[in-house]
Amino acid sequence: MNKKTAIISDIHANSWALKEVLRDIKNRNIVEILNLGDSLYGPLDPKGTFELLTKNNIKSISGNQDRFIIENINKITPIPTLEYVKKSIDNNAINWLKELPFDLIHKNIYCCHGNPSNDSIALLEKINIDYVDVQTNTEIEITLSNIKENIVVCGHSHIPRMLKIKNKIIINPGSIGLPAYDDELPVPHKMESLTPHAKYAIIDIKDNRTTIELISVDYDFEKPASIAEKNNRNDWAKWIRTGRV
């Protein structure tokens with residue numbers, strides 16, 4: 001029996017990328033899929049993304065931008081992308097978002113979006129002025145001091161990474177749907193995975209041995225890029241096409 005688990009994250013309404021990743025996962029005979037959030041926010045295909053996630057019975061948690069949708073679901077905001085998402089989804093998707101847990105434990109895997117206490121702060125990355133660094137082992141150990149599981153998976157930064165500290169392995173699978181972005185908080189910075197590929201991870205646990213694969217899947221990224229352009233998000237179109245800001 002296949003004991004592998006696929007870890008996906010940060011789909012950002014890119015149903016085209018998600019579809020190809022799910023195809024790749026199926027071709028590897030992997031049944032268990034854990035989704036680390038930020039699933040439906042984006043100027044792309046929120047409705048189609050929701051349908052793919054629920055159709056495939058994927059265990060999901062909430063990301064900061066999933067929460068952002070719900071916090072503003074009954075408000076009119078000056079954010080065109082948010083308003084587009086709200087108009088694209090129905091009550092089933094809204095209720096699904098509302099019911100997503102902050103984190104979850106699956107076997108010996110602890111799942112969070114950002115870190116165990118804040119979905120808007122990355123576990124592995126440290127955001128500095130003009131550059132992005134990686135947290136020290138000590139800093140990460142303090143953040144994970146209350147987590148008992150030996151495997152921790154996280155998203156939010158969109159950058160595939162794997163780190164071993166003491167008795168823990170921490171994995172960020174990268175982003176399925178948005179391979180680069182920029183942000184103003186906590187200070188202006190950019191995240192770049194440098195390719196347009198859809199990223200995910202595979203965890204294979206056999207006896208006392210854990211094997212991790214960081215996977216990049218090619219797909220027709222012109223389709224979501226063109227939708228982003230139609231929705232006046234040329235920045236998203238560039239990020240999707242290039243993996244660069």
Enquirer: How long is the straight-line distance from CZ of Arg67 back to OG of Ser120, given to the nearest 0.5 Å?
Expert: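 If we round to the nearest 0.5 Å, Ser120:OG and Arg67:CZ are 4.5 Å apart.
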Enquirer: State, with a plain yes or no, whether a side-chain heavy atom of Arg233 is found less than 4.5 Å away from one of Glu229.
Expert: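 No, their side chains stay 4.5 Å or more apart.
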Enquirer: Determine the interplanar angle of the Trp236 and Tyr41 rings, folded into 0 to 90°, and report it as parallel if under 30°, tilted if 30 to 60°, perpendicular if over 60°.
Expert: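 Rings of Trp236 and Tyr41: tilted, 30 to 60°.
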Enquirer: Would you say the side chains of Ser60 and Asn35 form a donor-acceptor pair under 3.5 Å?
Expert: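 Yes - a donor-acceptor pair under 3.5 Å links their side chains.
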Enquirer: Taking atom types as modelled, is there a side-chain donor on Asn172 or Ser157 under 3.5 Å from an acceptor on the other?
Expert: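 Result is yes, a qualifying pair exists.
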Enquirer: Might you work through the side-chain contact (heavy atoms from CB on, under 4.5 Å) test for Thr49 and Asn14, ending with a clear yes or no?
Expert: CA-CA 7 Å; Thr49 300; Asn14 191 336; 5.8 Å; no
Enquirer: Quick one: list whatever passes ring pair (Phe, Tyr, Trp, His ring centres under 6.0 Å) with Tyr181, sequence neighbours left out.
Expert: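 Ring pair (Phe, Tyr, Trp, His ring centres under 6.0 Å) list for Tyr181, sorted by chain: His158.
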Enquirer: Given side-chain contact (heavy atoms from CB on, under 4.5 Å), test Leu163 with Ile169 step by step and report yes or no.
Expert: CA-CA 6 Å; Leu163 179 68; Ile169 298 173; over 6 Å; no
Enquirer: Compute the centroid of each ring, for Phe221 and then for Trp16, and state whether the two points are separated by less than 6.0 Å.
Expert: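 Ring centres of Trp16 and Phe221 not closer than 6.0 Å.
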Enquirer: Can a side-chain donor-acceptor contact be found between Asp24 and Tyr200 if the only test is distance below 3.5 angstrom?
Expert: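 Yes - a donor-acceptor pair under 3.5 Å links their side chains.
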Enquirer: Please evaluate residues Glu125 and Arg161 with respect to the criterion salt bridge (Lys or Arg N to Asp or Glu O under 4.0 Å), reporting the C-alpha separation (whole Å), side-chain torsions for both, the decisive distance (0.1 Å), and the verdict.
Expert: CA-CA 10 Å; Glu125 287 79 14; Arg161 296 186 193 275; 2.4 Å; yes
Enquirer: Is there side-chain contact between Ile33 and Thr5, with heavy atoms separated by less than 4.5 Å?
Expert: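 Answer no - side chains too far apart.
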Enquirer: Do Ile212 and Leu144 land in one hydrophobic cluster if side-chain heavy atoms of ILVMFWY residues count as linked below 4.5 Å?
Expert: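 No: no chain of side-chain contacts under 4.5 Å links Ile212 to Leu144.
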Enquirer: Hey, does Lys168 have a side-chain heavy atom less than 4.5 Å from the side chain of Ile151?
Expert: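 SC-SC contact between Ile151 and Lys168 ruled out.
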Enquirer: Got a second to check how far Leu53's CG is from Lys59's NZ, nearest 0.5 Å?
Expert: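 These two atoms lie 14.5 Å from each other.
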Enquirer: Would you indicate whether the side-chain heavy atoms of Thr54 and Trp96 approach each other to under 4.5 Å?
Expert: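 They are in side-chain contact.
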Enquirer: Is there side-chain contact between Ser193 and Lys199, with heavy atoms separated by less than 4.5 Å?
Expert: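 The answer is yes, as the side chains (C-beta and beyond) meet within the 4.5 Å cut-off.
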Enquirer: Can you confirm whether Leu124 sits close enough to Ile140 that some side-chain heavy atom of one is under 4.5 Å from a side-chain heavy atom of the other?
Expert: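 In contact.
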Enquirer: Atom NZ in Lys148, atom CD1 in Ile105: separation rounded to 0.5 Å?
Expert: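 It comes to 8.5 Å.
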Enquirer: Between Ile8 and Leu34, is the side-chain contact (heavy atoms from CB on, under 4.5 Å) condition met? List the steps.
Expert: CA-CA 6 Å; Ile8 66 176; Leu34 304 178; over 6 Å; no
Enquirer: Report yes if the side chains of Ile11 and Leu40 come closer than 4.5 Å at any heavy-atom pair, otherwise no.
Expert: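 No, their side chains stay 4.5 Å or more apart.
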Enquirer: For the hydrophobic clusters of this structure (ILVMFWY residues joined by side-chain heavy atoms under 4.5 Å, transitively), does one cluster hold both Ile121 and Phe102?
Expert: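 As far as the 4.5 Å side-chain criterion goes, Phe102 and Ile121 are not connected within one cluster.
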Enquirer: If I take atom OG from residue Ser62 and atom CG from residue Asp38, how far apart are they, to the nearest 0.5 angstrom?
Expert: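 So the gap between those two atoms works out to 7.5 Å.
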Enquirer: Go through the steps for Lys4 and Glu32 under the test salt bridge (Lys or Arg N to Asp or Glu O under 4.0 Å), then give the verdict.
Expert: CA-CA 7 Å; Lys4 295 180 180 180; Glu32 293 182 341; over 6 Å; no
Enquirer: In terms of side-chain heavy atoms, does His189 have a donor or acceptor partner in Asp182 at a distance below 3.5 Å?
Expert: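 No pair is found: no donor N or O on one side chain lies under 3.5 Å from an acceptor on the other.
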Enquirer: Does any non-hydrogen side-chain atom of Lys47 lie less than 4.5 Å from one of Ser15?
Expert: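 Side-chain contact under 4.5 Å: no.
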Enquirer: Going by atom types alone, do His156 and Asp119 pair a side-chain donor with an acceptor below 3.5 Å?
Expert: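 His156 vs Asp119: no donor-acceptor pair found between side chains.
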Enquirer: Can a donor-acceptor pair be found between the side chains of Glu139 and Thr136 at a distance below 3.5 Å?
Expert: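 Glu139 vs Thr136: donor-acceptor pair found between side chains.
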Enquirer: Does a donor on one side chain and an acceptor on the other come within less than 3.5 Å for Lys206 and Thr210?
Expert: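 There is no such pair (donor and acceptor under 3.5 Å, judged by atom type) between the side chains of Lys206 and Thr210.
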